[in-house]
2 protein chains.
Amino acid sequence: MLEYQKTIAARLAVQGIDAGASYGAQAIDKAATLLLLVGRAGPSGTRLSDLVEQCSLPKPTVRRMLLALLRAGLLDQDSDTRRYYLGPEIHVLGTLASARFGIHSIALRSLVRLSQQTGDTAFLSVPRDVHSICVHREEGPYPIRVHALHAGDRHPLGVGAGGLALLAALPDEDVEEVLAANADILADKYPPFSPSALRGLVQDTRTRGYALNPGMLLPDSWAIGVSIHRSDGRPVGALSIAATESRLYPERQLEIASLLKKEASWIETRLNETDPGEKPARVRRNRP
Amino acid sequence: MLEYQKTIAARLAVQGIDAGASYGAQAIDKAATLLLLVGRAGPSGTRLSDLVEQCSLPKPTVRRMLLALLRAGLLDQDSDTRRYYLGPEIHVLGTLASARFGIHSIALRSLVRLSQQTGDTAFLSVPRDVHSICVHREEGPYPIRVHALHAGDRHPLGVGAGGLALLAALPDEDVEEVLAANADILADKYPPFSPSALRGLVQDTRTRGYALNPGMLLPDSWAIGVSIHRSDGRPVGALSIAATESRLYPERQLEIASLLKKEASWIETRLNETDPGEKPARVRRNRP
DNA sequence: GAATCAGGTCCATATGGCGGACCCTATGTT
DNA sequence: AACATAGGGTCCGCCATATGGACCTGATTC
């Protein structure tokens, strides 16, 4: 493995993206990394030099990749500002993919209701590998807003109320796997979240019935989260509500937790009825 | 350009996908093509051999690409059936991209209302290059259903009620460009849609105020469509309703057209209020 | 007007992708 | 049981293709 490739892996690992081991078609690994980085940059886009810095690849290489991604419609470039954005083709593909991972379109209504009822900001997070990704933020009417989490942000599972709800919903063996996989990142970038601390948080979450983040990432940025399960029990997402400490005193926590649970089960029923498990019949069993 | 690459372009052109000219990072062109093909295959997935056939690349190459895409989470493979599907990462990225191309999540409610009110099936199509793509189909309660159009299908602009509504919403010069770009495909795969016929359909659509497809693709598969515009006038999508001829007699056409127009303008107001034109300030003007 | 910064491009080099040939398993067929 | 077919997946030597240091250009700053 070349030196710069180590650096990619290292940098991305720190940022919560794991480029993974690559054997063959390495261009695609780089392209995927760039897509993630552009996606994380959000609606204001990124600049070439930012991307070069973030993925530690030489500029011409990044530029070539970007050109190819533009050509494919997977990215967009503003011709004035020269900034790069996610492209129309990604949107189309994502829409088609939602037939399989259709939590989002269903959960949207829940988020709107939650943010209206509570006044605070509601989030939908989904698990991806050993991370949780915030895929939607719905602002509530209350004027003091917590902006610690943005759509596109990735954190190790267990960090933040949504991610903690997801982690606590996994069986213990999976929890340990996740903690092991994230050990380096946690130690490096999330000092309050040592493996033992996370085990404690998971226990608390399970007994309490909802996940609580008492400002562990950003002081006075509190949040409550609950997980959403597929019919086979696997967690496929988490709803959470963020507010300042003064708005999350114990009694209100309970109110909000019950609202969250109501919406979670609402989503679960919708998910199961639109998920007919439409699999082709043929079965094989000859894996190496 | 090598022989097999010509073949890719040729095959995909026939199917309405244009691989485009490729200079540098050609792996990404192939990867993007595969993503499109898997996306078009829909929720039942595709097999390796289908993909090999559709993109006319040698099997090991396709497989290497697929492995890389699986590694990146852009695709999924069912370990039993060995079929390939769009992956979770595509879904996440698509969700993030919808911040920029957010028609879908807004339009969903319109589609539900339309299919409930009319009983028939409602579609959302978006323009992409010189094609229209059906990104959502919402079934209505009426038992006789027209299944000529599926989510993921691409047709040249002007073919089908949604695509015709989109084409007719473009200025004449753009219409001519689109017709020229699609000339080969139209002649080859859509015999009823000669350029002159399409020009006539566009005129009819503009004077009538809505697009009508009187079973031109599939006998007795009729449809009505209207376009959705951004604040600057560009069409960004189309709503359509499909039914059999007997359910689309002239008076009902008018009723449905007015329902479609009502929903289209509902979407337009939502689009404009959630599209704050959030662009970075810096401006440059030095294009080669 | 010199210095800095950002976007973008060039081209000799060698690395990593290419694809014909091959293997394995499952499912007919005689 | 032996044979045939079809689909999924892998190997490895050759050479086409991506690589990246160096360079160009236009803005912005001092």
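Lettering follows sequence order; numbering is per chain, from 1.
- Of all heavy-atom pairs between Leu157(B) and Leu167(B), the closest is O-CD2, 3.8 Å.
- The phosphate of dG20(D) (OP1 or OP2) has a side-chain N or O of Thr61(A) nearer than 4.0 angstrom.
- The distance between atom CG of Leu48(A) and atom P of dC5(C), rounded to the nearest whole Å, is 16 Å.
- Dashed line: the shortest gap from a side-chain N or O of Gln77(B) to OP1 or OP2 of dG9(D) is under 4.0 Å.
- The CD1-P distance, from Ile28(B) to dT17(D), rounds to 15 Å in whole Å.
- No N or O donor and acceptor, one from the side chain of Lys59(A) and one from the base of dG20(D), sit under 3.5 Å apart.
- Within the 4.0 Å cut-off from OP1 or OP2 of dG8(D), at least one side-chain nitrogen or oxygen of Ser49(B) is found.
- Among dC18(C), dG7(C), dT19(D), the nucleotide with an atom closest to any side-chain atom of Arg64(A) is dT19(D).
- Ring geometry for Tyr190(B) against His155(B) counts as perpendicular: the plane angle is over 60°, on a 0 to 90° scale with 30° as the lower cut.
- Between Tyr84(B) and the phosphate of dG9(D), there is a side-chain N or O to OP1/OP2 separation shorter than 4.0 Å.
- Under a 4.0 Å N-O distance rule, the pair Asp232(B)/Arg230(B) qualifies as a salt bridge.
- Regarding Lys30(B), its NZ atom lies at a distance of 16 Å from the P atom of dG16(C), rounded to whole Å.
- For the pair Gln26(A) CD and dC18(C) P, the computed distance is 12 Å after rounding to whole Å.
- Rounded to whole Å, atom P of dG8(D) lies 11 Å from atom CG of Leu66(B).
- For Arg63(B), no side-chain nitrogen or oxygen approaches OP1 or OP2 of dG8(D) to under 4.0 Å.
- You'll find the side chain of Leu124(B) stays beyond 4.5 Å of the side chain of Glu138(B), heavy atoms only.
- The nearest pair of heavy atoms linking Leu86(B) to Gly39(B) is CD1-CA, 3.7 Å.
- Considering only the side chain of Met65(B), dC18(C) comes nearest among dG8(C), dC10(C), dC18(C).
- For Pro58(B), counting side-chain heavy atoms from C-beta on, the closest listed nucleotide (dG17(C), dT17(D), dG19(C)) is dG19(C).
- Between Arg82(B) and dG8(D) there is no side-chain polar atom (N or O) within less than 4.0 angstrom of OP1 or OP2.
- Checking dT10(D), dG8(D), dA6(C) against every side-chain atom of Arg47(A), the shortest atom distance belongs to dA6(C).
- Between the C1' atom of dG7(C) and the CG atom of Leu57(A) lies a distance of 17 Å, rounded to the nearest Å.
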